[in-house]
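Values reported hereafter were calculated over all heavy atoms of this structure, with side chains retained and with hydrogens, waters and symmetry mates removed. Just so you know, residue 1 is the first one in the sequence shown, and it goes up from there.
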Amino acid sequence: MLQRKKQRISRKFTDKSDLFDGLPEDLVISILSKLAYSASSPSDFINILVTCKRLNRLALHPLVLSKAGSKALAVKAGNWCDSAHHFLKHCINAGNVEACYTLGMIQFYCLQNRGNGASLLAKAAIKSHAPALYSLGVIQFNGSGGSKNDKDLRAGVALCARAAFLGHVDALRELGHCLQDGYGVRQHIAEGRRLLIQANARELASSLNALVKRKAQQQHQRRLNYQHYSFKAGSGCPLLSDFGCNVPAPEVHPVNVFLKEWFESGRGALGQGLRLCSHKGCGRPETRAHEFRRCSVCGTVNYCSRGCQALDWKLRHKAECGPIERWLEEGGNGNDGGHGGVGEMEEVVEAEHFAI
């Protein structure tokens, strides 16, 4: 009797069409757009493409591709291929600004297609993409892709100022150091210190927001009681990282991870005498010899920007830096006319302690 009932129910459902086929396409596209934006890895998005023909077709809709977030576009350096390249191009054609930035950085630094890479970065910057603005600022500061005479310090400051206005913490830190040192802009020590404090305050806010989200996921509560929060000793907190606190490494943008993996894995070869930025969260390579500033004390590390310099000093290099025999005798001054070496960071940090 029970078996017959099950057979009748199964026939009833098989006779009807699939409920998914009855969903309006605009509703499915809206759901896929949110999923593409919030995907935590490319596999989250790829799994949709292989589910069925309809999802494959709708997931490649321009509206969905335009919403894909940085983590959905976070291709690994070891997995780079023509298909990944074409997918990023499809996203760019759909109007995805994050894809413009990602492919622009890859073409400029990894594929050494400086013109197309800079063009894509500029396209993203025009649409107020803060990381693209900051990256163009770093290129202007260093004269990347050209000679030492191609540096444009004022343009670098202007790009960092725009990115800082949009909330980019590294650009805000870079701008603060430029004002403090009078690099590319008239020196204003008090304003530079104010911007450095503001950058670190934003780091604190970002850290607390991440903590709240993490606690919410663990406890599954809508309202959280802040008195239950506790920081483990020695775990570090990104509060005022420029001012001597124990800090963890900030979350690295996927394209910076790609750059680092690309060169460290040997997929891309650095030219003779060229080096990567020593800040582990950067990955930018030199495009000519002695493009980046080198530590004036130990001479073993080099940085593409003062932002990377300040972060790595507190995260790692302060404990490792020590004087060695003058490395100037080994070949060049290494600073390429830059505004100071890493060894000078102690003066910067002391000044920032005074500001606090």
Side-chain angles (χ1 to χ4, degrees), residues 25-51 55-81 83-110 117 120-136 162-163 166-171 202-203 205-214 216-217 249-262 281-284:
E25 288 200 352
D26 56 349
L27 176 61
V28 179
I29 290 173
S30 176
I31 295 171
L32 292 176
S33 298
K34 291 181 179 180
L35 181 60
Y37 178 78
S38 60
S40 59
S41 65
S43 60
D44 290 347
F45 187 74
I46 293 172
N47 289 337
I48 300 173
L49 300 178
V50 299
T51 301
L55 280 179
N56 182 285
R57 175 173 59 84
L58 295 180
L60 295 176
H61 190 278
L63 184 59
V64 177
L65 295 180
S66 67
K67 300 295 184 181
S70 59
K71 292 184 179 179
L73 303 173
V75 60
K76 297 291 184 183
N79 297 331
W80 181 255
C81 58
S83 298
H85 198 165
H86 292 322
F87 176 72
L88 287 175
K89 283 185 175 179
H90 284 312
C91 292
I92 291 171
N93 293 334
N96 191 310
V97 181
E98 189 65 41
C100 273
Y101 172 64
T102 299
L103 187 56
M105 290 287 284
I106 292 172
Q107 286 198 345
F108 188 88
Y109 287 109
C110 300
L120 288 172
L121 289 174
K123 186 176 180 180
I126 289 171
K127 296 182 180 179
S128 298
H129 188 267
L133 285 162
Y134 175 65
S135 294
L136 285 174
R162 176 60 180 165
L166 295 171
H168 196 275
V169 176
D170 289 339
R202 289 187 182 181
E203 278 185 336
S206 176
S207 173
L208 292 179
N209 286 335
L211 178 65
V212 169
K213 290 178 181 178
R214 187 162 59 250
Q217 291 174 355
E251 185 178 359
V252 181
H253 193 283
V255 76
N256 294 103
V257 176
F258 183 96
L259 295 180
K260 195 168 182 66
E261 290 178 351
W262 180 269
C282 179
R284 289 181 178 87

CA sep, side-chain torsions, deciding dist, call: Lys67, Lys34, side chain to side chain contact (heavy atoms under 4.5 Å, CB included):
CA-CA 7 Å; Lys67 300 295 184 181; Lys34 291 181 179 180; over 6 Å; no

Apply side chain to side chain contact (heavy atoms under 4.5 Å, CB included) to the pair Arg284 and Asn256, showing each step before the final yes or no.
CA-CA 7 Å; Arg284 289 181 178 87; Asn256 294 103; 4.2 Å; yes

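With rounding to the nearest 0.5 Å, the separation of OG in Ser41 from CG in Asn47 is 8.0 Å. Interatomic distance, CG of Leu60 versus CZ of Phe45, reported as 6.0 Å (0.5 Å rounding). To the nearest 0.5 Å, the span separating NZ on Lys123 from CG on Leu103 amounts to 10.5 Å. Taken to the nearest 0.5 Å, the CG atom of Leu35 stands 4.0 Å off from the CD1 atom of Ile48. The CD atom of Glu98 sits 10.5 Å away from the CG atom of Leu88 when rounded to the nearest 0.5 Å. Once rounded to the nearest 0.5 Å, the distance linking NE2 of His86 with SG of Cys81 reads 9.0 Å.
Checking side-chain atoms of Asn96 against main-chain N and O of Leu65 turns up a donor-acceptor pair under 3.5 Å. Using a distance-only test at 3.5 Å, with no hydrogens or angles considered, no donor-acceptor pair links the side chain of Ser30 to the main chain of Asp26.
Among residues two or more places apart in sequence or in another chain, the salt bridge (charged side-chain N to carboxylate O under 4.0 Å, His left out) test is passed with Lys260 by Glu264. In this structure Arg162 satisfies the side chain to side chain donor-acceptor pair (under 3.5 Å) test together with Ser128, sequence neighbours excluded. For Val28, the side chain to side chain contact (heavy atoms under 4.5 Å, CB included) criterion is met by Phe20, Leu23, Leu32, Arg54, Leu55, Leu58, not counting sequence neighbours. With sequence neighbours excluded, the residues forming a side chain to side chain donor-acceptor pair (under 3.5 Å) with Ser40 are Asp44, listed by chain and number. Under the side chain to side chain donor-acceptor pair (under 3.5 Å) criterion, His61 pairs with no residue at all, not counting sequence neighbours. With sequence neighbours excluded, no residue forms a side chain to side chain donor-acceptor pair (under 3.5 Å) with Glu261.
Scanning all heavy atoms of the two residues, the minimum distance from Ala171 to Ala163 falls at CB-CB, 3.5 Å.
Within a 6.0 Å sphere centred on NZ of Lys127, heavy atoms belonging to other residues, nucleotides or ligands number more than 12.
Between Trp80 and His85, the ring planes lie tilted relative to each other; the angle falls in the 30° to 60° range.
Side-chain contact between His253 and Tyr101 is present, with heavy atoms from C-beta onward closer than 4.5 Å. Under the 4.5 Å side-chain criterion, counting only non-hydrogen atoms from C-beta, Lys76 is not in contact with Pro42.
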